[in-house]
Amino acid sequence: MISRLAVGLVLAFGGCARVERAALPEATLLDPVWSVSAPLPGVDVDHAPWDAFLSRYLTAASDGVSRLAYAEVAIEDRAALGAYLDRLAHVDPRELTRDQQLAYWINLYNAQTVAIVLDAYPVGSIRAITDGLLSFGPWDRQVVTVNGTPLSLNDIEHRIIRPVFAEPRIHYALNCAAVGCPDLRGEAWRAIGLDDALAAAEHAYVNDLRGVALDLGGRLTLSKIYVWFREDFGADEAAVIAHVAAAAEPRLRRRLEGRTRVDAYAYDWSLNDQATAP
């Protein structure tokens, strides 16, 4: 997500999506070691504890947003989440196949994000969890050490996942605990069925008003993820629209035909908290 340098720029320019984009870390590989993967069968990482946590505390609210019951998380389940994250930290990603790696990094990112929010809860937005005056959230905070390397959420997203996998659909899988984000998946990501799961997440977000909205007057509003990470989706707005149209339901796809410009970008940073669901 947005780096700590972004806060001054966003305040100065009224939160303009393109200014926020300029403040994001580039997709640059942190170290070549992170691109090393194993041949099949790799290693079976146990994500069952994350499955159990999600099944207990994640629900779909009446507005269609998957929300987490942060206030209800029991002490023993917080401890179980911490133990799961500790086990993930001791996995050597080089022993995983490429698909196992991607599932591993997504689960690590999402579970660590939930742990960060739980440590700060109650809070209205993850952006309120800061590390100083120029901090714009917890994304630059080093939160896990893998293979002896301390990593932040920004490291995992922008310096490992994006450059290694070059897969735009990861933006539908990584969850930053915001209402405007693609939903937190109700089960752990796994190598088996990974492509189908990514396609389903893409389809769900594109066909939700949080992703793509066309009003009766034809005004097109896209999620800010399509401007923050535009190079992952296409070279320009026309290419981005073509990208979302490919995953759109037929009616929406027809309405997107011939469009080359986006009228606005939007994103709801409110915490995906079940306690504040409508």
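Note that this is a predicted model, so its numbers are computed, not measured.
- Aromatic pair Phe165/Trp105: centroids not less than 6.0 angstrom apart.
- Salt-bridge annotation for Glu257 and Arg259: absent, with no side-chain N of the basic residue lying under 4.0 Å from a carboxylate O of the acidic one.
- Taking hydrophobic clusters as Ile, Leu, Val, Met, Phe, Trp and Tyr residues chained together by side-chain heavy-atom distances below 4.5 Å, Leu85 shares a cluster with Ile106.
- A salt bridge links Asp119 and Arg78; the closest N-O separation between the charged side-chain nitrogens and carboxylate oxygens is under 4.0 Å.
- Checked by atom type and distance alone, the side chain of Arg67 never pairs as donor or acceptor with a backbone atom of Ala61 at under 3.5 Å.
- With 3.5 Å as the limit, one finds a donor-acceptor pair spanning the side chains of His203 and Glu249.
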Check against side chain to side chain donor-acceptor pair (under 3.5 Å), Thr221 and Tyr265: CA-CA 5 Å; Thr221 301; Tyr265 294 93; over 6 Å; no

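- The only option from Leu29, Thr28, Asn154 that meets the side chain to side chain contact (heavy atoms under 4.5 Å, CB included) definition with Arg159 turns out to be Asn154.
- Using the six-membered ring where Trp is involved, Tyr84 and Trp50 have ring planes that are parallel, under 30° apart on the 30 and 60° scheme.
- Taking the charged nitrogens against the carboxylate oxygens, Asp195 and Arg169 do have a contact shorter than 4.0 Å, which makes a salt bridge.
- Counting only heavy atoms from C-beta outward, the side chains of Cys176 and Trp269 approach each other to under 4.5 Å.
- Checked by atom type and distance alone, the side chain of Asn107 pairs as donor or acceptor with a backbone atom of Ala103 at under 3.5 Å.
- A salt bridge is defined here as a Lys NZ or Arg NE, NH1 or NH2 lying under 4.0 Å from an Asp or Glu carboxylate O, and Arg219 with Asp215 fails to meet this definition.
- Between Tyr57 and Phe53, the distance from one ring center to the other falls under 6.0 angstrom.
- Ion pairing of Glu231 with Arg162 is present here, as a side-chain N (NZ or NE/NH1/NH2) and a carboxylate O approach within less than 4.0 Å.
- The pair Arg190-Asp51 counts as a salt bridge, with a side-chain nitrogen and a carboxylate oxygen less than 4.0 angstrom apart.
- Side-chain atoms of Glu157 do not come within 3.5 Å of backbone N or O of Ala27 as any donor-acceptor pair.
- Proximity of a side-chain donor or acceptor of Thr145 to a complementary backbone N or O of Gly148 within less than 3.5 Å is not detected.
- With hydrogens and angles disregarded, a donor-acceptor distance shorter than 3.5 Å links the side chain of Asn175 to the backbone of Pro182.
- Side chain of Ser62 to backbone of Pro278: a donor-acceptor contact under 3.5 angstrom is found.
- Using modelled atom types, one side-chain atom of Arg185 and one backbone atom of Ala188 make a donor-acceptor pair closer than 3.5 Å.
- In terms of modelled atom types and a separation under 3.5 Å, the side chain of Asn110 and the main chain of Ala173 share a donor-acceptor contact.
- A donor-acceptor contact closer than 3.5 angstrom links the side chains of Tyr121 and Asp273.
- A salt bridge does not link Arg210 to Asp268: none of the charged side-chain nitrogens sits closer than 4.0 Å to a carboxylate oxygen.
- Side chains of Tyr70 and Asn272: a donor-acceptor N/O pair is present below 3.5 angstrom, by distance only.
- Heavy-atom minimum distance, Ile126 versus Ala177: CD1-CB, 4.4 Å.
- With a 4.5 Å cut-off on side-chain heavy atoms, Leu88 and Tyr104 count as touching.
- Checking Asn147 against Asp92 by side-chain atom types alone, a donor-acceptor pair falls below 3.5 Å.
- Taking the six-membered ring for Trp, Tyr226 and His171 have ring centres at least 6.0 Å apart.
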